[in-house]
Amino acid sequence: MQMALDEAQQAYEAGEIPIGAVIVCKDRVISRAHNLTETLCDVTAHAEMQAITAAANTLGGKYLTECTLYVTVEPCTMCAGAIGWAQIPRIVYGALDEKRGYHEYAPKAMHPKAEVTGGVLEEECRSLMQSFFRSKR
């Protein structure tokens, strides 16, 4: 999760919403990403989407069935759907997203056998988000 927080910090410094994601497969980091929605002018360029695409390219296939996704904030509905379609079996996130998180809008979006763990480095993840939005107001 610390690597995902490092990615989130890079996003923060670039003026992006500070969310970072890392995908690990068989104890090896295969992708790291952060939000690029402002940089790419693309609302779908969330950290999770970038990490999934990079991981699929690294592994040479669209299914990430032996991977774990670490992300600093609870995935949104769009990302949860992509995580489900990629069949990622383990998802670990930091802070809840009370306004846009998948739990609220699409609690069944993840693959039915996925193991989801929240609250890992939660305070650090939340603090970075709060700091970012305070600086924008």
Taking all heavy atoms of Leu40 and all of Ala45, pick out the closest pair and write down the distance. CD1-CB, 4.0 Å
Any donor-acceptor pair under 3.5 Å from Ser131 side chain to Ser127 backbone: no
Who else is in Met49's hydrophobic cluster (ILVMFWY, side-chain heavy atoms under 4.5 Å, direct or via others)? Met78
Given side chains that start at C-beta, do those of Thr58 and Arg28 come closer than 4.5 Å, heavy atoms only? yes
side-chain hydrogen bond (donor to acceptor under 3.5 Å, both in side chains) partners for Tyr93, two or more places apart: none
Could you verify whether a donor N or O on one side chain and an acceptor N or O on the other, from Gln2 and Asp6, lie under 3.5 Å apart? yes
Closest approach of Ala47 and Ala33, non-hydrogen atoms and distance? O-CB, 3.6 Å
Are Tyr70 and Arg32 close enough that some pair of their side-chain heavy atoms sits under 4.5 Å apart? no
What's the spacing between Met1 CE and Cys125 SG if we round to 0.5 Å? 5.0 Å
Should Leu36 and Leu69 be counted in the same cluster of Ile, Leu, Val, Met, Phe, Trp and Tyr side chains packed under 4.5 Å apart? no
Among residues at least two apart in sequence or on other chains, which ones pass side-chain hydrogen bond (donor to acceptor under 3.5 Å, both in side chains) with Gln9? Glu13
From CG (Asp97) to SG (Cys79), nearest 0.5 Å: 10.5 Å
ILVMFWY clustering at 4.5 Å (side-chain atoms), partners of Trp85: none
Quick one, Ile52 and Ile23 - any side-chain contact, counting heavy atoms below 4.5 Å? yes
Taking side chain as C-beta onward, heavy atoms only, is Met110 less than 4.5 Å from Ile91? yes
Quick one: does any side-chain atom of Asn35 pair with a main-chain N or O of Pro18 as donor and acceptor, under 3.5 Å? no
Please report the shortest heavy-atom distance between Leu128 and Ala8, naming the atom on each side. CD2-CB, 3.6 Å
Search all heavy atoms of Ile17 against all heavy atoms of Ala11 and return the closest pair with its distance. O-CB, 3.7 Å
Hey, could you give me the OG1/OH distance between Thr77 and Tyr105, rounded to the nearest 0.5 Å? 8.0 Å
Show every side chain to side chain donor-acceptor pair (under 3.5 Å) that has at least one partner inside residues 43-56, sequence neighbours left out. Asp42-Thr44
Which pair of non-hydrogen atoms, one from Pro89 and one from Thr65, has the smallest distance, and what is that distance? CG-O, 3.3 Å
Does one hydrophobic cluster hold both Met129 and Met3, with members joined at side-chain heavy-atom distances below 4.5 Å? yes
Do the side chains of Leu64 and Leu59 get nearer than 4.5 Å, heavy atoms only? yes
Note, Thr68 side chain near Ile88 side chain (heavy atom, < 4.5 Å): no
How far does NZ of Lys99 sit from CD of Glu104, to the nearest 0.5 angstrom? 13.0 Å
Results of side-chain hydrogen bond (donor to acceptor under 3.5 Å, both in side chains) for Thr117 - residues two or more places apart only: none
With distance as the sole test, does Glu16 use its side chain to make a donor-acceptor pair with the main-chain N or O of His34 at under 3.5 Å? no
Between Thr37 and Val43, is there a donor-acceptor pair closer than 3.5 Å when you use the side chain of the first and the backbone of the second? no
Nearest-0.5 Å distance, SG of residue Cys76 to CZ of residue Arg100: 8.5 Å
Decide yes or no for Ser31 and Val22: does some side-chain heavy atom of the first lie under 4.5 Å from some side-chain heavy atom of the second? no
If you measure only the distance, is there a donor-acceptor pair under 3.5 Å linking the side chains of Glu74 and His103? yes
